[in-house]
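So the structure is just underneath, and the comments pick up after that.
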Amino acid sequence: MDGQAATSDPQLQQFIEIESQKQRFQQLVHQMTEVCWEKCMDKPGPKLDSRTEMCFVNCVERFIDTSQFILNRLEQTQRSRGSLSENMLD
């Protein structure tokens with residue numbers, strides 16, 4: 001199958017998009033785990049104490065909030081650039 005046929009197949013495009021989303025999600029989870037582990041885990045033990053558990057919960061929530069904020073900002077920036085481009089063409 002050549003590249004042009006692959007780009008014209010809607011099912012293949014949808015499959016690629018879904019797989020790309022899965023990969024981005026896995027990367028995000030990996031990054032979040034790494035950041036929160038470094039921040040919250042003093043010394044590994046058989047159980048998490050309540051302080052460490054709360055640190056993980058807060059870290060994950062902040063990570064998600066920050067990621068969402070960044071995505072929203074990027075969307076706003078993209079929309080404003082799009083409207084600027086449209087105004088310049090008029």
Side-chain angles (χ1 to χ4, degrees):
M1 181 178 264
D2 64 16
Q4 194 170 16
T7 58
S8 64
D9 183 357
Q11 284 183 318
L12 182 58
Q13 287 178 340
Q14 183 179 13
F15 174 77
I16 290 170
E17 180 61 31
I18 289 169
E19 291 302 311
S20 295
Q21 288 175 356
K22 287 179 187 178
Q23 182 184 16
R24 287 190 297 269
F25 179 76
Q26 288 174 340
Q27 288 173 334
L28 185 65
V29 169
H30 175 74
Q31 184 181 9
M32 180 179 57
T33 302
E34 189 175 323
V35 166
C36 293
W37 182 268
E38 290 296 319
K39 178 171 180 41
C40 298
M41 200 62 182
D42 294 329
K43 49 188 171 194
K47 291 178 16 176
L48 291 179
D49 60 14
S50 60
R51 184 186 69 74
T52 304
E53 185 176 351
M54 281 309 300
C55 181
F56 274 114
V57 168
N58 290 331
C59 181
V60 168
E61 288 176 352
R62 277 195 320 270
F63 193 92
I64 291 170
D65 289 345
T66 302
S67 297
Q68 189 63 46
F69 175 80
I70 291 169
L71 286 173
N72 289 340
R73 258 324 250 167
L74 289 172
E75 286 176 2
Q76 287 175 350
T77 303
Q78 215 168 20
R79 271 189 254 131
S80 68
R81 284 186 180 167
S83 64
L84 284 175
S85 297
E86 289 173 6
N87 289 338
M88 291 175 72
L89 292 175
D90 290 341

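Counting begins at 1 with the first residue of the sequence.
Considering OG1 of Thr52 and NZ of Lys43, their distance stands at 10.0 Å, rounded to 0.5 Å. Atom CD in Gln21 sits 12.5 Å away from atom CD1 in Ile16 (nearest 0.5 Å). Atom OG1 of Thr33 is separated from atom CZ of Phe56 by 8.5 Å, given to the nearest 0.5 angstrom.
Criterion: ILVMFWY side-chain heavy atoms under 4.5 Å apart, direct or through other members. Under it, Trp37 and Phe63 are not part of a common hydrophobic cluster. Connection of Leu28 to Val35 is established within a shared hydrophobic cluster, with ILVMFWY side chains joined at heavy-atom distances below 4.5 Å, either directly or through further cluster members.
Counting heavy atoms from C-beta outward, Asp42 and Arg51 have side chains that approach closer than 4.5 Å. No side-chain heavy atom of Pro10 sits under 4.5 Å from any side-chain heavy atom of Phe15.
Sorted by first and then second residue, the salt bridge (charged side-chain N to carboxylate O under 4.0 Å, His left out) pairs involving residues 12-39 (not counting sequence neighbours) are Glu17-Arg24, Glu19-Lys22. Applying the side chain to side chain donor-acceptor pair (under 3.5 Å) test to every pair with at least one member in residues 59-71, sequence neighbours left out, gives these pairs: Gln68-Asn72.
Between Cys55 and Cys40, a gap of under 2.5 Å is found separating the two SG atoms.
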